[in-house]
Amino acid sequence: MSKKKRNPHDKRRITRRTLREWGFGYLFIAPWIVGVSIFFLYAMVRSLEFSFSKVELSNGVILHPLENGLFENFVKVFTTDVNFPTILANFGVGLVLQLPVIIAFSLIIALLLNSNIRCRSLFRMIFFLPVIIATGPVMSKLTAQGVSSVPMVSQNALLSVLSELPEFIYQPISNLFSGLIMILWNSGIQILIFLAGLQKVPRTLYEAAKIDGASGWESFWKITLPTVKPLILLNSIYTVVTLATGGTNEIIELIYTATYTATQGYSYAMAMSWIYTLVVSVILLLVFLLLKEKSDRHVVYEQKRVVIKGVPVKNG
């Protein structure tokens, strides 16, 4: 009785080599899993528990039930706090305004740095240098000294016209113009990611498009943009997280202040932080849904076959 030969391409077959590779993979990520489980997940669950209780820190951590239900702290944030809802609305509108500016600026600078210019390495270092310098206390000192703002921008004629808008719309627009330098400083990592993606685009695609009479603008829309579109999603998510957790974020400072205020307390601050986390998560989800690729096959197709003026151009 002959044995049935196994197909070597059968994906359901798990070999000893595959198990060994899996073991090495999990071994390498084990420190991250342990660290996240101990220092992040536990603290996250604990803070959620605090937000639904009243915390007493006199003799250790003692949780007392709330008088008006589990959501009392969350309700108080929007009913008794005057600053938090306003600052949160300004943050949301400001993020919508800053995100496309940072992404567009990063892509333009990456295109320039990817071109054949002199002292290209020096310019790359200059645009990445603020990422190293403007961090932590250094950023706070620079902001306090007014380095991050554009002088006299508040008296601009455009802002004078926009002053008739509601406060939650006018304030983010004003911050966008006055803090334009700070916004551009937050583009170093994005420029680096775009630059790495642009360097992987085959030059033969641009040469074939140029032979067919395509302009630089058409090559950008048909070749460059489809190639870097996944990186736009990556940079957008990174930008949202960076702006949401930055050292100069007013919401984080407000939560920190509420933590050590006797009238509000630790549990109230945890409710504020969870509301803020939920808002940021919704923004990240919207960014993902708007910028995600329909399918990976479509990306490969766009990289290998470019259509310019209705004429197919083959790769290479």
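On a predicted model such as this, the values are computed, not experimentally measured, just so you know. Computed from heavy atoms alone, side chains included, the values below leave out hydrogens, waters and symmetry copies.
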Taking atom CD1 of Ile252 and atom CD1 of Ile87, what is their separation to the nearest 0.5 Å? 12.0 Å
Could you check if a side-chain atom of Asp81 sits within less than 4.5 angstrom of a side-chain atom of Lys76, using non-hydrogen atoms only? no
First locate atom CD1 of Ile109, then atom CG of Asn114, and finally report the distance between them rounded to the nearest 0.5 Å. 12.5 Å
Ile29 reachable from Val36 in the ILVMFWY side-chain graph, under 4.5 Å edges: yes
For the student: nearest non-hydrogen atoms of Phe194 and Val228, plus distance: CE2-O, 4.1 Å
Is a side-chain N or O of Gln98 found less than 3.5 angstrom from the main chain of Leu95, in a donor-acceptor match? no
What do the steps show when you test Val240 against Ser236 for side chain to side chain contact (heavy atoms under 4.5 Å, CB included), and what is the final call? CA-CA 6 Å; Val240 171; Ser236 298; 5.6 Å; no
So do Gln190 and Tyr238 actually touch side chain to side chain, heavy atoms under 4.5 Å? yes
With heavy-atom distances below 4.5 Å as the criterion, would you say the side chains of Thr224 and Ser219 are in contact? no
Working for side chain to side chain contact (heavy atoms under 4.5 Å, CB included), residues Leu99 and Val287: CA-CA 10 Å; Leu99 181 60; Val287 170; 4.1 Å; yes
Is there a side-chain contact between Trp274 and Ser47 (heavy atoms, below 4.5 Å)? yes
Could you tell me whether the side chain of Ile283 reaches within less than 4.5 Å of the side chain of Phe288, counting heavy atoms only? no
What one should report as the nearest heavy-atom pair of Lys54 and Ser267 is CA-OG, 4.0 Å
Donor-acceptor contact present, side-chain Asn90 to main-chain Thr86, <3.5 Å: yes
If I take atom OG from residue Ser106 and atom CG from residue Leu195, how far apart are they, to the nearest 0.5 angstrom? 11.5 Å
Go through Val34 and Phe39 one step at a time and tell me if the side chain to side chain contact (heavy atoms under 4.5 Å, CB included) criterion holds. CA-CA 8 Å; Val34 173; Phe39 300 105; over 6 Å; no
Could you tell me which non-hydrogen atom of Leu291 sits nearest to which non-hydrogen atom of Lys229, and how far apart they are? O-CE, 4.4 Å
Taking all atoms of both residues into account, what is the closest heavy-atom pair of Phe50 and Met270, and its distance? CB-CG, 3.9 Å
I'd like to know if the side chain of Asn73 reaches the main chain of Ser53, judged simply by a donor and an acceptor atom lying under 3.5 Å from each other, with no hydrogens or angles considered. yes
Carefully, step by step, assess Tyr276 and Phe84 under the rule ring pair (Phe, Tyr, Trp, His ring centres under 6.0 Å). CA-CA 10 Å; Tyr276 181 52; Phe84 184 78; 7.5 Å; no
Where is the tightest heavy-atom contact between Pro226 and Trp221, given as atom of each residue plus distance? CD-O, 3.4 Å
Ignoring hydrogens and geometry beyond distance, is a side-chain donor-acceptor pair present between Thr18 and Thr15 at under 3.5 Å? yes
Which heavy atom of Leu231 sits nearest to which heavy atom of Gly197, and what is that distance? CD1-CA, 3.5 Å
Atom CD1 of Ile193 and atom CG of Leu234: how far apart are they, to the nearest 0.5 Å? 4.5 Å
So do the side chains of Leu88 and Ile275 get within less than 4.5 Å of each other, counting heavy atoms only? yes
Is it the case that one hydrophobic cluster holds both Leu41 and Trp32, taking links as side-chain heavy atoms less than 4.5 Å apart, direct or via other members? yes
Should Val282 and Leu233 be counted in the same cluster of Ile, Leu, Val, Met, Phe, Trp and Tyr side chains packed under 4.5 Å apart? no
Are any of the side-chain heavy atoms of Val241 and Leu284 separated by less than 4.5 Å? yes
If Ile, Leu, Val, Met, Phe, Trp and Tyr residues are connected whenever their side-chain heavy atoms lie under 4.5 Å apart, and connections chain through other members, are Val77 and Leu278 in the same group? no
Test of understanding: clusters of I, L, V, M, F, W, Y form through side-chain heavy atoms closer than 4.5 Å, transitively. Do Leu48 and Phe40 belong to the same one? yes
Rounded to the nearest 0.5 Å, what's the gap from OG on Ser281 to CG on Leu286? Could you check? 11.0 Å
Hey, could you give me the CG/NZ distance between Leu205 and Lys210, rounded to the nearest 0.5 Å? 14.5 Å
Of Phe74, Tyr268, Tyr266, which meets side chain to side chain contact (heavy atoms under 4.5 Å, CB included) against Ser51? Phe74
Please name the residue in the list Ile191, Leu107, Thr242, Thr239 that meets the side chain to side chain contact (heavy atoms under 4.5 Å, CB included) test with Ile102. Thr239
